[in-house]
Amino acid sequence: MKISTFLMPMLRDTPSEAEVISHQLMLRSGMIKKLSSGVFTYLPLGYRVLRKIENIVREEMNRAGAIELHMPVMQPKEIWEESGRWDQMGHLMVRFKDRNQRWFCLGPTHEEVITQIASHHLQSYKQLPVNLYQIQTKFRDEIRPRFGLMRSREFLMKDAYSFDATSKAAKESYENMFQSYTRIFQRCGLGFRAVEAQTGNIGGSLSQEFQVLANSGEDEILSCPSCTYAANVEKAETLFSEEIQKFNFKSRKKKVHTPGVRSVKDGASFLKIPEPKHYKTLFYKAYDKTVCVLVKGDRQINESKLQQVLNCASLMLATEADVIKAVGAPPGSTGPIGFEGEIYADWDIAQMEDAVCGANELEHHFTHVNQGIDFKVTMFCDIKLVKAGDVCGRCGKSPLSSHRGIEVGHIFYLGDKYSKSMKATFLDPSGKPTYFEMGCYGIGVGRTMASAIEQNHDENGIIWPISIAPFEVALAPLNMNDENVSQCAFELYQKLLDQNIEVIFHDKDDRAGVKFKDIDLMGIPIRVTVGSRGLANHTIGIKLRHEKEEKEVSLDQALLEIIKLRDELFKKTHSSA
RNA sequence: CGGGGUGUAGCGCAGCCUGGUAGCGCGCUUCGUUCGGGACGAAGAGGUCGUGAGUUCAAAUCUCGCCACCCCGACCA
């Protein structure tokens, strides 16, 4: 490709709308153009990268035995009502009516469509297992799109769905996808980590995220240095005892006046009793019922764990008015004693003796409170947010450490959640209709592209892993007016094309420095320069984007050397991470 | 949706407080000199100042409404 005839609007200044480095560099190198908040055009350069990633994904999915298809973006309301998610999806889903006043949505995901395909076309156990995938545009009306391609409303996603006859087979399909994803992200040259994850809205019982390690990531990952355990903070577990202390003394609680105390921290310093000896009491609205939730005073609640325990789709912190209605005191002076609804307590609470909590009376607290004597817990559960430094819940040997990550892939074992709600069955060997065991597997293609930049850049621009670079080689004649130089460059350009090497030819009449800056910004892995100085000695210059030094190579050896370097770079992405 | 901020040429910004000819740098066009890490000179092109009302002899500037975009919090690939 000649740069003079390629649409690639490069910018010297960083557009003010971009905050994170990947967004800035994609705008500056002319890879994307925003149309509206969270909606982007992939310009030619960006589209080449997107296609590279797409092809790696496609090759690996095919290698894993999955079959590609293509489902519609526009989906009728009916199938969403069948799965019960038309209401559940809320504002995330864009809805509209067609000319006949029928409701449709822009597909935020495709479980509903694929399940219908399966129920219509997979009738016998003999057809299983099957794994169907597509690479296609999704639309989710995100509350807050941000960071360019990192969280956009319209985005390209690879989604795959596996159908199996038994849960054992389904777990094999899941494992197969795990291997496939590992290969995909390795081939993209990314440093990543597979972590245990919360299943959220999608549902199911087992799930892992593939997280690209980067400081700008929106997710927190906790991992154990002693074993292989790693999890999203939302899911992370630490050691705790499930023993419930039984006390056989009478209530010895004492009410104390605590003027000005509004938080556990205040209470700890006022009463001179450390935070871990307090209960943190919170109230949540689960549907329309208000529940009381307790964790140790120095802890935070993990709302997604709590949501699982309560098994509810909507969960919100209760408002001040709700709290006053429930216990007669505002937040800051509340406790479980006297509350008449359900009380959910973290396991830590079961171990605490003579604790402090609010008295449900403005600016009063109880000391020497004991569960089982002063109040009864409805259910003990694991609902605290684990933090760095907590002991690994798997091996119990080391404290967990914390990293930031970008979620580029997510795999779920779903069981029969969707097949049941949509009545999708096949006939088993005995002729009995049986629900499919399903799994679903997603990769954010554009997000993978953005995270590759987050991980691979320097002050001059992007440093693409060669496997996903828009071009493998950038060829720059340093003086277009010198006949020898331009002729030699053109010949080399033709030779590279003949070898099927993807080359961008900087054929504009710019000065050398400008061309170097352009090529660095674009992040092309191999830079080849032809200049009059080198040509006098029959040499050209070759420089790798991630290295400092340019080396001189004789003109005769140039092509071989470039091919060799390219192959070496490719090998690196296959084996790295 | 709540809180904070910004809208002036393709990009980055100044001008606004204190109303009176719309400016600077980069990029773009032409010519010349340059030419191995964002050259220099000369001459140009390019703007309904986000938008609608209002105040005024006069509005980029003051007032009100609306819209868009960005950042911080609840979603998720």
Side-chain angles (χ1 to χ4, degrees), chain A residues 9-20 23-24 27-28 30 33-39 57 89-93 108-110 135-160 181 197-202 207 209-212 218-219 232 234 303-304 307 314-317 405-412 440-451 460-461 476-482 485 509-521 527 529-536 540-541 543 548 550 552:
Chain A
M10 287 196 271
L11 304 172
R12 291 198 178 184
D13 299 316
T14 303
S16 54
E17 70 187 38
E19 193 75 7
V20 295
H23 190 194
Q24 291 176 353
L27 288 171
R28 281 193 54 205
K33 167 80 181 157
K34 184 178 73 186
L35 178 62
S36 176
S37 179
V39 180
V57 170
M89 280 284 168
H91 294 293
L92 194 70
M93 193 154 78
T109 175
H110 285 74
I135 298 172
Q136 202 239 29
T137 300
K138 299 273 185 281
F139 195 96
R140 296 183 189 171
D141 199 358
E142 293 284 350
I143 292 162
R144 184 147 98 83
R146 61 181 140 177
F147 303 154
L149 293 188
M150 214 78 101
R151 178 170 301 280
S152 53
R153 296 195 292 172
E154 182 175 306
F155 61 100
L156 192 67
M157 178 174 170
K158 186 285 301 177
D159 46 325
Y181 274 39
Q198 202 62 274
T199 53
N201 213 359
I202 306 270
S207 135
E209 290 165 347
F210 286 77
Q211 294 272 359
V212 167
E218 293 183 272
D219 290 331
N232 191 307
E234 290 176 353
E303 290 188 4
S304 62
Q307 195 165 354
S314 97
L315 182 71
M316 274 170 32
L317 201 58
I406 303 164
E407 183 190 358
V408 290
H410 201 156
I411 58 179
F412 297 86
C440 75
Y441 318 92
I443 290 178
V445 182
R447 188 184 277 185
T448 300
M449 174 171 158
S451 47
N460 290 318
L478 298 180
N479 188 340
M480 288 299 283
N481 299 323
D482 184 323
V485 170
D509 190 18
D510 286 325
R511 307 176 97 233
V514 174
K515 296 191 178 188
F516 294 151
K517 291 286 181 189
D518 285 350
I519 292 166
D520 284 350
L521 178 59
R527 186 186 82 189
T529 48
V530 181
S532 41
R533 212 170 66 192
L535 278 192
I540 52 137
K543 179 184 165 300
K548 278 222 161 72
E550 183 181 66
E552 303 259 302

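Model, not experiment: these values are computed from the prediction. Chain identifiers are assigned alphabetically (A, B, ...) following the order of the sequence lines, protein sequences preceding nucleic acid strands; residue numbering begins at 1 within each chain.
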**Complete:** Hits for side-chain contact (heavy atoms from CB on, under 4.5 Å) against A/Ser16, two or more places apart or cross-chain, chain-then-number order -> none
**Complete:** Across all chains, not counting sequence neighbours, the ring-ring contact (aromatic ring centres under 6.0 Å, His included) partners of A/Phe516 are none
**Request:** List for me each residue that meets side-chain contact (heavy atoms from CB on, under 4.5 Å) alongside A/Arg151, sequence neighbours excluded, and say none if there are none.
**Result:** A/Glu142, A/Arg146, A/Glu218, A/Arg447
**Request:** Using the C1' atom on both, measure B/rU63 against B/rC75 and round to a whole Å.
**Result:** 39 Å
**Closest heavy-atom pair and its distance - A/Ser451, A/Val408** = OG-CG1, 3.3 Å
**Request:** Could you state the atom-to-atom distance from NE2 of A/His23 to P of B/rC69 in whole Å?
**Result:** 13 Å
**Message:** Please give the distance between the P atoms of B/rA58 and B/rA53 as a whole number of Å.
**Reply:** 15 Å
**Request:** Check side-chain contact (heavy atoms from CB on, under 4.5 Å) between A/Asn460 and all other residues, then give those that pass, not counting sequence neighbours.
**Result:** A/Asp458, A/Lys517, A/Asp520, A/Arg545
**Message:** Using the C1' atom as the point on both nucleotides, what is the distance between B/rA59 and B/rC49, in whole Å?
**Reply:** 11 Å
**Message:** With rounding to the closest Å, how many angstrom separate the C1' atoms on B/rG46 and B/rC26?
**Reply:** 14 Å
**Prompt:** With rounding to whole Å, what would you report as the distance between B/rU8 and B/rG15 at their P atoms?
**Reply:** 14 Å
**Item:** Separation between the C1' atoms of B/rU51 and B/rG7, rounded to whole Å
**Value:** 11 Å
**Item:** Donor-acceptor contact present, side-chain A/Gln211 to main-chain A/Ile406, <3.5 Å
**Value:** yes
**Asked** Where the side chain of A/Ser152 is concerned, which of B/rA77, B/rC70, B/rA74 is the nearest nucleotide?
**Response** B/rA77
**Asked** With a 3.5 Å cut-off and just heavy-atom distances, do the side chain of A/Asp13 and the base of B/rG25 make a donor-acceptor pair?
**Response** yes
**Prompt:** If you find the nucleotide of RNA chain B closest to A/Glu19 and the one closest to A/Asn232, which residue's nucleotide is nearer the 5' end?
**Reply:** A/Glu19
**Message:** My understanding is that a pair needs two contacts under 3.5 Å, Watson-Crick or G-U wobble. By that rule, which nucleotide pairs with B/rG41?
**Reply:** B/rC31
**Message:** Once side-chain contact (heavy atoms from CB on, under 4.5 Å) is applied, do any residues pair with A/Pro9, and if so which ones, sequence neighbours excluded?
**Reply:** A/Leu7, A/Leu43
**Request:** For each nucleotide in nucleotides 33-43 of chain B, reading 5' to 3', give B when a protein heavy atom comes within less than 4.0 Å of its base, S when such contact involves only the sugar-phosphate, and - otherwise.
**Result:** -BBBBBB----
**Message:** Rounded to whole Å, please give me the gap between CZ in A/Arg153 and P in B/rC75.
**Reply:** 19 Å
**Request:** Take atom P in B/rU18 and the same atom in B/rG12, then report the distance between them in whole Å.
**Result:** 29 Å
**Prompt:** On a whole-Å scale, what distance lies between the P atoms belonging to B/rG52 and B/rU33?
**Reply:** 49 Å
**Message:** Once side chain to side chain donor-acceptor pair (under 3.5 Å) is applied, do any residues pair with A/Asp159, and if so which ones, sequence neighbours excluded?
**Reply:** A/Gln134, A/Lys138, A/Tyr161
**Message:** Base, sugar-phosphate or nothing for A/Arg144? Non-hydrogen atoms, less than 4.0 Å.
**Reply:** base
**Message:** Quick check: on RNA chain B, is the nucleotide nearest A/Ile143 upstream (toward 5') of the one nearest A/Gly38, or the reverse? Name the residue that is more 5'.
**Reply:** A/Gly38
**Message:** What contact category does A/Glu142 fall into here, base, sugar-phosphate, or nothing, at under 4.0 angstrom with non-hydrogen atoms?
**Reply:** base
**Heavy-atom donor-acceptor pair, A/Arg146 side-chain to B/rC70 base, under 3.5 Å** = no
**Asked** Counting any heavy atom closer than 4.0 Å, what does A/Lys34 reach on the DNA or RNA strands: base, sugar-phosphate only, or nothing?
**Response** sugar-phosphate
**Euclidean distance, atom CD of residue A/Gln24 to atom C1' of B/rC11 [Å, nearest integer]** = 13 Å
**Item:** Identity of whatever pairs with B/rG19 - Watson-Crick or G-U, under 3.5 angstrom
**Value:** none
**Message:** What is the separation between atom CD on A/Glu209 and atom P on B/rC76, rounded to the nearest whole Å?
**Reply:** 11 Å
**Item:** Over all atoms of both residues, closest heavy-atom pair of A/Tyr181 and A/Phe210
**Value:** CB-CZ, 3.5 Å
**Item:** Interatomic spacing from NE2 in A/His23 to NZ in A/Lys34 - rounded to 0.5 Å
**Value:** 7.0 Å
Expected rows: protein N/O vs nucleotides 13-15 of chain B N/O, under 3.5 Å:
residue: B/rC13; atom: OP2; partner: A/Ser16; partner atom: OG; Å: 3.4

**Request:** Apply salt bridge (charged side-chain N to carboxylate O under 4.0 Å, His left out) to A/Asp510 and list each qualifying residue two or more places apart in sequence or on a separate chain.
**Result:** none
**Check: A/Arg527 side chain, A/Lys543 main-chain N or O, donor-acceptor pair, under 3.5 Å** = no
**Complete:** Separation of B/rC76 atom C1' from A/Tyr441 atom OH, nearest Å, is 19 Å
**Message:** Under 3.5 Å for both donor-acceptor distances, Watson-Crick or wobble: does B/rC1 have a partner, and if so which one?
**Reply:** B/rG73
**Asked** What's the CG-P distance between A/Asp141 and B/rA74, to the nearest Å?
**Response** 18 Å
**Fill in**
Whole-Å distance, A/Leu92 CG to B/rA74 C1', equals 13 Å
**Request:** Could you tell me which nucleotide pairs with B/rC24 by Watson-Crick or G-U wobble geometry, both distances under 3.5 Å, or answer none if nothing does?
**Result:** B/rG12
**Message:** Without decimals, in angstroms, what is the distance between A/Gln198 CD and B/rA77 C1'?
**Reply:** 17 Å
